[in-house]
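Source: prediction; values computed, not measured. Whatever order the structure lists them in is the order used to number ligands and atoms, beginning at 1.
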Amino acid sequence: MGFFLTKLMTVFGDREHKVIIVGLDNAGKTTILYQFLTKEAVHTSPTVGSNVEQITVRNTHFLVWDIGGQTSLRTSWYSYYCNTEDLQNAAILILANKQDVKGSMTAGEISRCLTLDAITTHNWHVQACCGLTGEGLTACLDWMRSQVVVN
Ligand code: G3D
């Protein structure tokens, strides 16, 4: 079972929307980032520092930072938040990855475990997915886009 947290930030006046992927080491962050880009699983190595890629979803541009999750790197997470504008406007997407692994928690179980219902100040969503096959990832991108595109 793995899951990770994506903080999605809309930068006022900027057409590129910033996304920070954070989560435990080995949760599948890098696998998913490259699934978003290439639509296939790529071989990953532990992230040292960060990976950054631009992802475009139907003319909406996201700059996605995949931050290494190893304990030694977690102290640097704050520096990625510093250069973003108002976190108060962030939306939170939680990916319930590794759904193919027997015994992985469902999206509903994760939602209850993290008491997400208590979050009333930010939009949030839990999406079940599999980084290896890409299942659920289109729904992730659609939700991200829905948070930044004004209908
Ligand atoms: P990280 O960037 O969060 O540290 P990685 O994690 O993307 O490097 O992935 C860690 C391992 O989990 C990789 O396996 C990767 O293939 C695997 N993984 C990612 N997503 C899934 C998934 O949905 N299901 C399963 N079963 N495995 C997944 P290796 O063996 O290369 O370490």
Self-check item: Atoms of ligand 1, numbered as shown, that sit under 4.0 Å from any heavy atom of Leu132
Solution: 16 (O), 21 (C), 22 (C), 23 (O), 24 (N), 25 (C), 26 (N), 27 (N), 28 (C)
Practice problem: Output the list of atoms in ligand 1 that are nearer than 4.0 Å to some heavy atom of Val101, sorted by atom number. | Solution: 26 (N)
Quiz item: Hey, does Cys129 come in under 3.5 Å of ligand 1, counting only N/O atoms on both sides?
Solution: no
Quiz item: Between Gln99 and ligand 1, does any nitrogen or oxygen pair lie at a separation below 3.5 Å?
Solution: no
Exercise. Step through the shown structure and confirm whether more than 12 heavy atoms of other residues, nucleotides or ligands are within 6.0 Å of CD on Glu135.
Key: no
Quiz item: Name the one of Thr56, Leu141, Val148 that satisfies side-chain contact (heavy atoms from CB on, under 4.5 Å) with Phe62?
Solution: Val148
Quiz item: Where's the contact between Asp100 and ligand 1, heavy-atom distance under 4.0 Å: side chain, backbone, both or neither?
Solution: side chain
Practice problem: Number the atoms of ligand 1 from 1 as they appear, then name those within less than 4.0 Å of a heavy atom of Thr30, with their elements. | Solution: 2 (O), 7 (O)
Quiz item: Taking it one step at a time, do Trp124 and Val126 satisfy side-chain contact (heavy atoms from CB on, under 4.5 Å)?
Solution: CA-CA 7 Å; Trp124 57 267; Val126 187; 4.1 Å; yes
Quiz item: Should you measure from each heavy atom of Leu24, which atoms of ligand 1 turn up under 4.0 Å away?
Solution: 3 (O)
Quiz item: Can Ile110 and Ile94 be said to form a side-chain contact (heavy atoms from CB on, under 4.5 Å), step by step?
Solution: CA-CA 9 Å; Ile110 288 172; Ile94 296 163; 4.2 Å; yes
Practice problem: Would you please determine whether Gly23 falls within less than 4.0 Å of ligand 1 on a heavy-atom basis? | Solution: no
Quiz item: Is any N or O atom of Gly28, backbone or side chain, closer than 3.5 Å to an N or O atom of ligand 1?
Solution: yes
Quiz item: Hey, are Gln54 and Glu16 close enough side-chain-wise for a donor-acceptor pair under 3.5 Å?
Solution: yes
Quiz item: Taking atom CG of Leu95 and atom CH2 of Trp143, what is their separation to the nearest 0.5 Å?
Solution: 10.0 Å
Self-check item: Interatomic distance, Met144 atom CE to Leu137 atom CG [nearest 0.5 angstrom]
Solution: 10.5 Å
Exercise. Ignoring angles and geometry beyond distance, decide whether Asp66 reaches within less than 3.5 Å of ligand 1 through its nitrogen or oxygen atoms.
Key: no
